Amino acid sequence: MAYFFPEPSRTFSEYLLVPGYSSSECVPANVSLQTPVVKFRRGETSPLMMNVPMVSAVMQAVSGEKMGIALAKEGGIAFIYVSQPIAEQAAMVRRVKRTKAGFVVSACNLKTDDTLADVIELKARTGYSTMAVTEDGSGTGKLLGLVTSRDYRVSRMSPDTKVSEFMTPAEKLVTAKAGVTLSEANDILWTHKLNALPIVTPEGYLDSFVFRKDYDSHKENPLELLDSKKRYVVGAGINTRDYEERVPALVDAGVDVLVIDSSEGFSEWQYRTLSWIRSRYGDTVKVGAGNVVDGDGFRFLADAGADFVKIGIGGGSICITRETKGIGRGQATAVIDTARTRDAYFEETGVYVPLCADGGIVQDYHITLALAMGADFCMLGRYFSRFDESPSNKILMGGSYMKEYWGEGSARARNWQRYDLGGASKLSFEEGVDSYVPYAGALSDGMASTLAKIRSTMCNCGALTIPELRDKAKLTLVSSVSIVEGGAHDVLLKDTTNGGK
């Protein structure tokens, strides 16, 4: 006879937080949402921290390079989707990493005998308008000059015009010597009203660039998540089939953290994948695993070397795994159970393995509930798919704008690797749907509202940090009647579409 869990499987909507004492210090402006992403030992700090507890799902309709850039600006991490050719996924990661940095190695270079046509083609291909002119056409060659959009006029110049005829020569450039600090370089930018500052070796070779736009971006986005080289932090998904080719390509592209994208992680396939990464890279490559819904699954992946573990099967808004296979668990129960085992594992081993709650987030306050229940951060698909920065199309339907949103287990995505059980290379049946979600505008605006709610709720619980929230939070189950009571009821709502008349 099968084992029966004594308690029912519950969702986030079946719980509420009970307020606790709030001191005068407990105001939203004082709340820190910093949280660990990868494992660490007792007494140490995680080598990768986020400034907000939100990451975007490994999905075609969610996490492209635009999402990678936008989410890093807000302090989170996007996991670039894996259901695409290896070279294309690596290129996405590389473009996110090159978007912003402190000292940037020049990736857009010319030689003096190149032409205006070459400049136009290079700008169209890379998107860069500042181009170094070097002796050998490389990013580290002897600097001869610089070409920017101010140096030429397409309408009045022949495409055959040589770069040497219109570039700004090196002797007229303001440069800085290699070894200058980033702060000193930014001061030079401002003093001379420059957009780009070439950093040059004593021998005259180009070392790198510092750009004004990077300084401006940091001031506008104080929570932005950067690596040690001042580049945006970005993640990427991998699968259990082609990891021996995909992982090296992503590492070479500069990815900060990987995650095995799978509907069910308690398997030998994930063990093999983690073992290969550890044997090849040791602990230098950070990789999460999952998904699981109980303590047994967590222990399996933690022992196998996972840097974080994802929780959740069948709870996503476009996921029909529970409907088609009868596999899964209510997300709140899954998080609570797994977090208990994670805490016990920490006490036994001294290793803290962060938990990612993946799926089941319908309302903004569900994120706060997941954090109180033991998750360190949440992975969201539907939430992020609604914004301008997601890769899907915006469509006008019935007078309202919608965004396309489809599951990785749908026929549209055909991501059979995510549901791989060692069989044939095909999608035997669908475990996801193709759908639409209401368009929600810019990600920065949407996240600002969500994070404000999280901070406010934490203050209601008397907590200024996520660990403090776990210590102080009090949770109560709610009945179906009290759920109704929690919304507007017994009133006639005004029709705000007609001025309230």
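The first residue in the sequence is number 1, and the count goes up from there. All of these numbers come straight from a predicted model, not from anything done at the bench. The figures that follow rest on heavy atoms only: side chains count, while hydrogens, waters and symmetry mates do not.
Once rounded to the nearest 0.5 Å, the distance linking NZ of K66 with CG of D388 reads 9.0 Å. Put simply, CZ on F209 and SG on C108 are 9.5 Å apart, with the number rounded to the nearest 0.5 Å. Distance check: L464 CG to S32 OG gives 9.0 Å after rounding to the nearest 0.5 Å. In this structure, OH in Y436 is found 4.5 Å from CD1 in I395, a value given to the nearest 0.5 Å. Interatomic distance, CG of L443 versus CE of M67, reported as 5.5 Å (0.5 Å rounding). To the nearest 0.5 Å, atom CG of residue N30 and atom OG1 of residue T465 are 12.0 Å apart.
Put simply, the side chain of L71 reaches to within 4.5 Å of the side chain of M447, judged on heavy atoms. Between Y81 and D261 there is no side-chain heavy-atom pair separated by less than 4.5 Å. Put simply, the side chain of V287 reaches to within 4.5 Å of the side chain of I260, judged on heavy atoms. Using a 4.5 Å cut-off on side-chain heavy atoms (C-beta onward), N221 and E74 make contact. Contact of the P354 side chain with the T35 side chain is not registered, since no non-hydrogen atoms from C-beta on lie closer than 4.5 Å. With contacts defined as side-chain heavy-atom distances shorter than 4.5 Å, the pair L225/M50 qualifies.
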Exercise answer: donor-acceptor pairs, residues 373-384 side-chain atoms, under 3.5 Å, sequence neighbours excluded:
from : atom 1 : to   : atom 2 : distance (Å)
D376 : OD1    : Y352 : OH     : 2.7
D376 : OD1    : R470 : NH2    : 2.9
D376 : OD2    : R342 : NH1    : 2.9
D376 : OD2    : Y352 : OH     : 3.2
D376 : OD2    : L355 : N      : 2.8
R382 : NH2    : V362 : O      : 3.0
Y383 : OH     : G446 : O      : 3.3
Y383 : OH     : T450 : OG1    : 2.6

Let me check something: any side-chain donor-acceptor pairs from residues 177-189 under 3.5 Å, sequence neighbours excluded? List them with distances.
from : atom 1 : to   : atom 2 : distance (Å)
T181 : OG1    : E184 : N      : 3.1
T181 : OG1    : E184 : OE1    : 3.3
E184 : OE1    : T181 : N      : 3.0
N186 : ND2    : L182 : O      : 3.2

List the atom pairs, donor and acceptor, that lie under 3.5 Å between side-chain atoms in residues 159-175 and the rest of the protein, sequence neighbours left out.
from : atom 1 : to   : atom 2 : distance (Å)
T161 : OG1    : S158 : O      : 2.7
K162 : NZ     : D113 : O      : 3.3
T168 : OG1    : D151 : OD1    : 3.0

If you look only at distance, which donor and acceptor atoms sit under 3.5 Å apart when one is on a side chain in residues 40-48 and the other is two or more places apart or in another chain?
from : atom 1 : to   : atom 2 : distance (Å)
R42  : NH2    : F346 : O      : 3.0
S46  : OG     : V38  : O      : 2.7
S46  : OG     : L48  : N      : 3.3
S46  : OG     : L48  : O      : 3.0

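For E65, the side chain to side chain contact (heavy atoms under 4.5 Å, CB included) partners are M92, R95, V96, not counting sequence neighbours. Considering only residues two or more places apart in sequence or on other chains, D136 meets the side chain to side chain contact (heavy atoms under 4.5 Å, CB included) condition with T134, S138. Contacts of T368 classified as side chain to side chain contact (heavy atoms under 4.5 Å, CB included), with partners at least two apart in sequence or in another chain: L17, I454, T457, M458, L469. Taking K394 as the reference, Y401, K403, Y439 meet the side chain to side chain contact (heavy atoms under 4.5 Å, CB included) condition, with sequence neighbours excluded.
Using a cut-off of 4.0 Å between Lys/Arg side-chain N and Asp/Glu carboxylate O, D227 and K97 are scored as salt-bridged.
In this structure a side-chain-to-backbone donor-acceptor pair under 3.5 Å is missing from Q84 to Q60. Judged by distance alone, the side chain of Q270 and the main-chain N or O of L301 form no donor-acceptor pair under 3.5 Å. Side chain of D256 to backbone of V234: a donor-acceptor contact under 3.5 angstrom is found. Under a 3.5 Å cut-off, the side chain of E389 and the backbone N or O of A442 do not form any donor-acceptor pair. Side-chain atoms of D252 never come within 3.5 Å of backbone atoms of A249 as a donor-acceptor pair (strictly under, hydrogens ignored). S63 contributes no side-chain N or O that, together with a main-chain N or O of M59, makes up a donor-acceptor pair within less than 3.5 Å.
Judged as a salt bridge (charged side-chain N to carboxylate O under 4.0 Å, His left out), the pairs with a partner in residues 270-281 (not counting sequence neighbours) are, in order, E268-R272, R278-D283, R278-D307. A salt bridge (charged side-chain N to carboxylate O under 4.0 Å, His left out) check over residues 439-461, counting only residues at least two apart or in different chains, returns the pairs D364-K453. Sequence neighbours left out, the pairs with a member in residues 226-248 that pass ring pair (Phe, Tyr, Trp, His ring centres under 6.0 Å) are Y243-W276. Within the structure, ring pair (Phe, Tyr, Trp, His ring centres under 6.0 Å) pairs that include any residue of residues 82-114 do not occur (at least two apart or interchain).
Among the candidates E121, M157, R153, the single residue satisfying the side chain to side chain contact (heavy atoms under 4.5 Å, CB included) test with L116 is M157.
Scanning both residues, S385 and V62, for their nearest heavy atoms gives CB-CG2, 4.1 Å. Summarising the geometry of Y205 relative to T140, their closest heavy-atom pair is CD2-O, 3.6 Å, with the distance given to 0.1 Å.
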